[in-house]
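Note that the coordinates shown come from a computational prediction; the quantities given were computed from them, not determined experimentally. Numbers restart at 1 for each chain; the letters A, B, ... are given by sequence-line order, proteins then strands. We use all heavy atoms of the structure for the numbers below, so side chains are in, but hydrogens, waters and symmetry mates are not.
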2 protein chains.
Amino acid sequence: MRKPVVVDVKRGVTSYDVAVRAGVSQSAVSRCFKEGASVAPATRARILEAAEALGYAPNAIAQGLITRRSNLVGVLISNLTNLNYPEVLAELTRRFSERDVRVLLFTLQTESDVPQALRQLWRYRVDGVIAAARLEREAIAQFDARGVPLVLYNRDGEGAPVSSVCCDSRAGERALVDRLADAGCRRFGVITGPADSHVSQERVAGATERLRERGLPFEVAEGGFDYHSGEVGLRRLMMTTDGRMDALVCANDAMALGAIDAARHTLGLRVPEDLSVVGFDGVGPAAWSSYQLATVRQPVKRMTEAAVAMLLERIERPDLTPERRLFAGELIPGRSARGG
Amino acid sequence: MRKPVVVDVKRGVTSYDVAVRAGVSQSAVSRCFKEGASVAPATRARILEAAEALGYAPNAIAQGLITRRSNLVGVLISNLTNLNYPEVLAELTRRFSERDVRVLLFTLQTESDVPQALRQLWRYRVDGVIAAARLEREAIAQFDARGVPLVLYNRDGEGAPVSSVCCDSRAGERALVDRLADAGCRRFGVITGPADSHVSQERVAGATERLRERGLPFEVAEGGFDYHSGEVGLRRLMMTTDGRMDALVCANDAMALGAIDAARHTLGLRVPEDLSVVGFDGVGPAAWSSYQLATVRQPVKRMTEAAVAMLLERIERPDLTPERRLFAGELIPGRSARGG
DNA sequence: CTGTTAGCGCGTTCAA
DNA sequence: TTGAACGCGCTAACAG
């Protein structure tokens, strides 16, 4: 009795199985699945037919072991609940997929998860990493040491020389302050993000810098980038200013939306008549008709495209030096601020 | 001149490097990283010290090749922009991480991406898959044929025997209809999701079934699960009913929020006085004070926990039969419907 | 153009 | 308890 032609599919079809069925050597099969390898049209056809029949596709794990290219990239992302990140993540995976690269996802709840995530990244021999999370200098140094390309998303290396893609926070905030000041606002409040967030620091610095240049007074309250902290921040600022604040700059959209709701539904203020509010990011809900938030929209598509391109470039050519790309955001005038 | 002790770290530290440094065999090193292998305490210490010094960790790729376990699971997810999915994804990756399993992410824009994603899943020898995306019966059959466990999230196999975790749509919708009817609503509108969405079909069926039982008239409009289609759907239903509709059932929260905004800002209706609106999901913005949406909240934490547990169980014991787990949602009375 | 051969890094026998 | 040897599935020389 002959061995059955149908291989045990649970065990996985190998190039050897295909070779046997097509009556060629295993390496011939291998070449068939490689660009620009020399295979006679006739044999190639026979092999592909056999592969098709058996449902064969090269084992990426074995491939990675030998080529030292896993075609895997790590994506580190904190706070998936940040209204902004789902879009970023979807765009990243889509663009990587198009280029035949798979995404290994790590969502970080806290900073303490970073070392653990890195260990796994090393173990899986990822070809590169995109990080939308806070990395210590020491962590960044590991990428260098291991020769794994790294691109930071909306962060910079805090001095370390590392590639990054960012939206220009300072310029965006300056434009937002001008938007408010030009509309006649005079008493400002600022709600920051978490103190350890570099993005928050940049945005707040941009805003306050411009406020000082224009000689406009302001108060600052600390927030946490979430909706609720916008509500809380507004209430605190209103107390600080004895209710005379007429403009509020929030370090992101989520807080701005929380502040608008608190103003309208808790404090009984009209937005924008009594209080003008601006945010940053350009998330979906910001455009909803309840809010029509004045904000700066990050060019997510262009930023993700740049991040992917930069990373793949550095995977191909590890000697490339770090590069920082800064994208201007788009000012959305909105109606949550006077004069919109 | 001796070979330098520091290996070329760019090429990756191997168990062999560690073995040399510790003066043992490669297999001894291997055993050190395996639970319950017999290694003398003294040698183990020497080996671990050497490993530490060299920054060694087992190469997961090579490990996978030989053990036939990649410790990789695929997560298929469509519409990351569905306000509900970011939380689901974050929970899934967190729970998998805790159990030392990595997530290979595939975000699908369209159904046509499915075959392509599946091919990659097979190539990477994932141990299992969680799919929050529409899969044809034929696709599901491939999982069986290859012996790769599959758990569907918020979908069922359309007749195929496959494990799944779902939120009870019918019961939830029935409760929502009761919520509205008990508050005195009499003319109903229903906005569905996309026609090919099984979740939408279930939810709409649950709602209309209950409406018929209670003898309440209703009109139906088709939506697409997004904010905008809630606006559009409401306008259409208002025309159909000559403006006499007083209750609107939306197949998800995003559309409900769009409908509320359209009612208030475009049609000049008061919500809930003139129109009561309910959604489904319990996404973040539904709780914002502008909306306080009446909805059913999916128990995302329990559902993701169940999905992860079911999948890992089936990876350990491939002979387990399919199981369907149905979770009841939590009714949030809200204030977007009368009597809240 | 094709087959043979030698590994990639590791887990797992099997003797010692 | 330890080490030698083998092979997971594949790619990359190298001959023919």
Side-chain angles (χ1 to χ4, degrees), chain A residues 7-48 50-51 54-72 122-127 146, chain B residues 7-48 50-51 54-72 122-127 146:
Chain A
V7 290
D8 181 357
V9 81
K10 308 257 166 139
R11 258 225 135 100
V13 185
T14 74
S15 57
Y16 183 77
D17 300 324
V18 177
V20 170
R21 191 183 222 267
V24 297
S25 77
Q26 179 270 326
S27 59
V29 177
S30 176
R31 278 194 290 264
C32 258
F33 287 86
K34 189 187 170 174
E35 295 284 323
S38 59
V39 185
T43 28
R44 140 164 271 136
R46 278 220 316 294
I47 294 173
L48 290 182
L54 297 176
Y56 170 80
N59 181 329
I61 300 288
Q63 240 170 352
L65 183 57
I66 185 164
T67 59
R68 294 154 181 292
R69 277 281 288 266
S70 58
N71 285 319
L72 246 34
W122 308 147
R123 274 171 41 72
Y124 278 86
R125 298 295 191 269
V126 293
D127 295 334
R146 302 195 179 243
Chain B
V7 289
D8 180 357
V9 82
K10 308 256 168 142
R11 259 222 134 106
V13 185
T14 75
S15 57
Y16 182 78
D17 299 325
V18 177
V20 170
R21 192 185 223 264
V24 296
S25 75
Q26 176 268 324
S27 56
V29 177
S30 176
R31 280 194 288 265
C32 258
F33 287 86
K34 188 186 171 178
E35 295 284 321
S38 61
V39 185
T43 24
R44 138 164 274 134
R46 277 221 316 293
I47 293 173
L48 290 182
L54 297 176
Y56 169 80
N59 179 329
I61 300 288
Q63 237 170 356
L65 183 57
I66 187 165
T67 59
R68 296 153 180 290
R69 276 280 288 265
S70 58
N71 285 318
L72 245 33
W122 309 147
R123 277 172 36 73
Y124 278 86
R125 297 296 190 269
V126 294
D127 295 334
R146 302 195 180 244

Fill in: Backbone N/O of B/D17 and side chain of B/T14: donor-acceptor pair under 3.5 Å
yes

Worksheet item: Does a side-chain N or O from B/K34 land closer than 4.0 Å to OP1 or OP2 of C/dC10, or not?
Response: no

With a 3.5 Å cut-off and sequence neighbours excluded, list the donor-acceptor pairs that the side chains of residues 54-67 of chain A form with protein atoms.
unit_1, atom_1, unit_2, atom_2, d
A/N59, OD1, A/I61, N, 2.7
A/N59, OD1, A/A62, N, 3.2
A/Q63, OE1, B/R123, NH1, 3.3
A/T67, OG1, A/Q63, O, 2.8
A/T67, OG1, A/R69, N, 3.3
A/T67, OG1, A/R69, O, 3.3

Discussion item. What's the separation between atom CZ in B/R31 and atom OG in B/S15, rounded to the nearest 0.5 Å?
Written reply: 11.5 Å

Discussion item. Mind checking if A/V29 touches a base, just sugar-phosphate, or nothing, with heavy atoms under 4.0 Å?
Written reply: nothing

Fill in: Which atom of A/A50 lies closest to which atom of A/R21, heavy atoms considered
CB-CD, 3.8 Å

Practice prompt. Identify, residue by residue, the members of residues 37-45 of chain A with a heavy atom below 4.0 Å from DNA chain C, and return them in order of residue number, or none.
Written response: A/S38, A/V39, A/A40, A/T43

Item to complete: Starting at atom CD of B/E35, determine the distance to atom C1' of C/dT12, rounded to an integer number of angstrom.
Response: 17 Å

Practice prompt. Work out which heavy atom in B/A40 is nearest to a heavy atom in B/T43; give both atom names and the distance.
Written response: O-OG1, 2.8 Å

Worksheet entry | Start and end of the DNA chain D segment that chain B contacts, any atom under 4.0 Å from a heavy atom | D/dT1 to D/dG9

Item to complete: Using atom CZ of B/R31 as one end and atom P of C/dG11 as the other, report the distance to the nearest whole Å.
Response: 11 Å

Worksheet item: Within a strict 4.5 Å, meaning less than it, do heavy atoms of the A/I47 and A/R44 side chains meet?
Response: no

Worksheet, complete the sentence: OH (B/Y16) and OG (B/S25) are apart, to the nearest 0.5 Å, by 10.5 Å

Fill in: Angle by which the axis turns from one end of the helix from C/dC1-D/dG16 to C/dA16-D/dT1 to the other, five pairs per end, to 10 degrees
40°

Discussion item. A side-chain contact here means heavy atoms from C-beta on lying under 4.5 Å apart; do B/N71 and A/Y124 qualify?
Written reply: yes

Which atoms of nucleotides 6-9 of chain C (N or O only) lie under 3.5 Å from a protein N or O atom, and what are those distances?
unit_1, atom_1, unit_2, atom_2, d
C/dC8, O3', A/R68, NH2, 3.2
C/dG9, OP1, A/R68, NH1, 3.3
C/dG9, OP1, A/R68, NH2, 2.8

Item to complete: Remember a base hit wins even if backbone is also touched, and classify B/S27 as base, sugar-phosphate or nothing at under 4.0 Å, heavy atoms.
Response: base

Fill in: Set of side-chain hydrogen bond (donor to acceptor under 3.5 Å, both in side chains) partners for B/S70, sequence neighbours left out
B/D127

